Novice: 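Okay, handing you the structure first.
This is a predicted model, so every value here is computed, not measured. All values below come from the heavy atoms of this structure, side chains included, with hydrogens, waters and symmetry mates left out.
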Amino acid sequence: KQGLMQDLLTKGIDEKGNIRSEKTHKFKDSPLGRIPEEWEVVRLGEVGEIIYGERLNEYEYVEDGNSIVYGTTGIIARTEKYMDVGEAIILPRKGSINNKFYVKEGQKFFVIDTAFYVKFVKTEVYVRYIYHFLHQVNFELLNEATGIPSLNRENLKNILIPLPPLSEQKRIAEILSQIDQAIEKEEKY
């Protein structure tokens with residue numbers, strides 16, 4: 001998966017389903033290195049709003065709540081309260097700072113104060129593509145604390161993302177999602 005992810009997120013995939021190369025397609029220089037000519041480079045803060053999580057008391061957790069509660073380690077509970085409705089990406093703020101979680105479209109969710117969530121404001125962004133891209137970013141390099149690992153919202157806003165056209169973002173995300181499903185199936189087996 002790592003090798004394919006590297007190829008897809010730096011070279012892309014053409015309309016025929018082939019990984020691009022400089023022999024068959026035009027590339028250009030960018031702050032992220034050589035990328036396909038059609039791509040642009042954006043900052044996470046340009047395509048999404050990074051929102052702080054909030055405090056939620058344990059008595060507000062409800063076993064059959066219709067809203068999922070996220071923290072730095074992922075889903076920690078359910079509740080009736082919600083901050084937003086997905087599609088979104090949960091990013092850590094304190095603790096396990098390399099975790100990233102995807103909230104599917106239409107899902108009510110609440111993010112506690114150890115995490116952030118990214119609400120996407122641009123329509124030419126396929127959220128699953130950004131999610132897969134962020135998975136290969138080492139957030140440990142953005143750590144600002146000497147004790148408990150901690151991330152700063154400004155640093156997250158400045159993460160550079162290679163952004164292909166929307167149709168290609170979808171193709172890349174679908175391939176990586178299929179691989180994730182196959183890995184999950186193997187792990188369960």
Side-chain angles (χ1 to χ4, degrees), residues 1-25 27 30 32-36 38-42 44 47-48 66-78 84-92 95-111 115-120 122-142 149 151 156 159-189:
K1 178 184 173 183
Q2 289 299 336
L4 181 60
M5 193 178 226
Q6 178 67 27
D7 284 346
L8 289 173
L9 297 172
T10 58
K11 298 174 185 169
I13 186 168
D14 65 19
E15 302 76 25
K16 297 174 186 164
N18 299 316
I19 302 282
R20 286 191 175 91
S21 79
E22 296 214 34
K23 293 176 184 169
T24 58
H25 295 81
F27 279 65
S30 81
L32 294 170
R34 304 278 292 161
I35 60 172
E38 307 84 1
W39 291 22
E40 58 181 302
V41 175
V42 297
L44 181 59
V47 295
N66 62 6
S67 176
I68 297 173
V69 180
Y70 285 92
T72 301
T73 57
I75 297 172
I76 58 170
R78 296 185 84 81
D84 213 326
V85 179
E87 187 171 46
I89 298 173
I90 310 298
L91 298 176
S96 305
I97 61 174
N98 253 329
N99 292 335
K100 295 109 183 165
F101 305 98
Y102 172 77
V103 181
K104 67 182 179 182
E105 196 170 346
Q107 175 63 59
K108 291 179 181 178
F109 66 95
F110 192 99
V111 179
F116 299 107
Y117 75 94
V118 185
K119 181 176 186 160
F120 290 87
K122 294 242 178 178
T123 55
E124 64 273 0
V125 171
Y126 190 64
V127 177
R128 272 219 185 264
Y129 168 81
I130 303 293
Y131 170 73
H132 285 294
F133 176 79
L134 290 174
H135 256 285
Q136 56 89 43
V137 173
N138 183 358
F139 281 20
E140 298 287 337
L141 300 175
L142 301 174
L151 293 176
L156 292 175
I159 292 173
L160 294 176
I161 298 171
L163 197 65
L166 188 59
S167 60
E168 189 172 355
Q169 291 176 52
K170 289 179 181 177
R171 287 195 304 272
I172 291 169
E174 285 169 9
I175 290 168
L176 294 174
S177 292
Q178 287 171 359
I179 290 171
D180 282 345
Q181 290 169 358
I183 290 170
E184 189 177 317
K185 184 179 173 185
E186 288 296 316
E187 285 173 343
K188 283 181 181 173
Y189 175 76

Novice: Which pair of heavy atoms, one from W39 and one from I172, lies closest together, and at what distance?
Specialist: CZ2-CD1, 4.3 Å

Novice: Not counting sequence neighbours, which residues clear salt bridge (charged side-chain N to carboxylate O under 4.0 Å, His left out) with E184? List them please.
Specialist: K188

Novice: Answer yes or no: is there a side-chain heavy-atom contact under 4.5 Å between L44 and I130?
Specialist: yes

Novice: Can you list the residues that meet the ring-ring contact (aromatic ring centres under 6.0 Å, His included) rule with Y117, with sequence neighbours excluded?
Specialist: F109

Novice: Just verifying a value: how many Å separate L9 CG and Q136 CD, rounded to the nearest 0.5 Å?
Specialist: 5.5 Å

Novice: Quick one: does I89's side chain get under 4.5 Å of F101's, heavy atoms only?
Specialist: no

Novice: Starting at CD of Q107, measure out to CG of N66 and round the result to the nearest 0.5 Å.
Specialist: 8.0 Å

Novice: Return the minimal non-hydrogen interatomic distance between Q169 and P164, and the atom names on each side.
Specialist: NE2-O, 2.8 Å

Novice: Does the side chain of I68 reach to within under 4.5 Å of the side chain of R78, using non-hydrogen atoms?
Specialist: yes

Novice: Just wondering, do V137 and F139 contact through their side chains at under 4.5 Å, heavy atoms?
Specialist: yes

Novice: With a 4.5 Å cut-off on side-chain heavy atoms, are L166 and Y129 touching?
Specialist: no

Novice: Could you check if a side-chain atom of D7 sits within less than 4.5 angstrom of a side-chain atom of I13, using non-hydrogen atoms only?
Specialist: no

Novice: Under the side-chain contact (heavy atoms from CB on, under 4.5 Å) test, which residues partner F27, sequence neighbours left out?
Specialist: K11, R20, E22, H25, R34, P36

Novice: To check you understand the geometry: which heavy-atom pair defines the closest contact between G71 and A115, and what is its length?
Specialist: C-CB, 4.2 Å

Novice: For the residue pair V111 and F116, establish whether any side-chain heavy-atom pair is separated by less than 4.5 Å.
Specialist: no

Novice: Which heavy atom of P92 sits nearest a heavy atom of I97, and at what distance?
Specialist: CG-O, 2.8 Å

Novice: Between Q6 and L8, is there a side-chain heavy-atom distance shorter than 4.5 Å?
Specialist: no

Novice: Tell me the closest heavy-atom pair linking H132 and S177, and the distance in Å.
Specialist: NE2-OG, 3.2 Å

Novice: Could you please spell out the steps behind the side-chain contact (heavy atoms from CB on, under 4.5 Å) verdict for V118 and L156?
Specialist: CA-CA 10 Å; V118 185; L156 292 175; over 6 Å; no

Novice: Just how far is it from atom OH of Y131 to atom CZ of R128, taken to the nearest 0.5 Å?
Specialist: 7.0 Å

Novice: Name all residues meeting the salt bridge (charged side-chain N to carboxylate O under 4.0 Å, His left out) criterion together with K16; count only those two or more places apart in sequence or in a different chain, and write none if there are none.
Specialist: none

Novice: What's the separation between atom CG in L163 and atom CD in E38, rounded to the nearest 0.5 Å?
Specialist: 12.5 Å

Novice: Run the side-chain contact (heavy atoms from CB on, under 4.5 Å) test on I19 and L4 for me, step by step, so that the C-alpha distance in whole Å, both residues' side-chain angles and the decisive distance to 0.1 Å come before the verdict.
Specialist: CA-CA 9 Å; I19 302 282; L4 181 60; 4.2 Å; yes

Novice: Going by side-chain contact (heavy atoms from CB on, under 4.5 Å), name the residues that satisfy it together with A77, two or more places apart in sequence or in a different chain.
Specialist: Y61, V69

Novice: What distance separates I179 CD1 from E174 CD, expressed to the nearest 0.5 Å?
Specialist: 12.5 Å

Novice: Kindly compute the distance separating CE (M5) from CZ (F133), expressed to the nearest 0.5 Å.
Specialist: 9.5 Å

Novice: For K100 and L91, which heavy atoms make the closest approach, and how far apart are they?
Specialist: CG-CD2, 3.6 Å

Novice: Sequence neighbours left out, what passes side-chain contact (heavy atoms from CB on, under 4.5 Å) with V85? Give chain and number order.
Specialist: Y82, K108

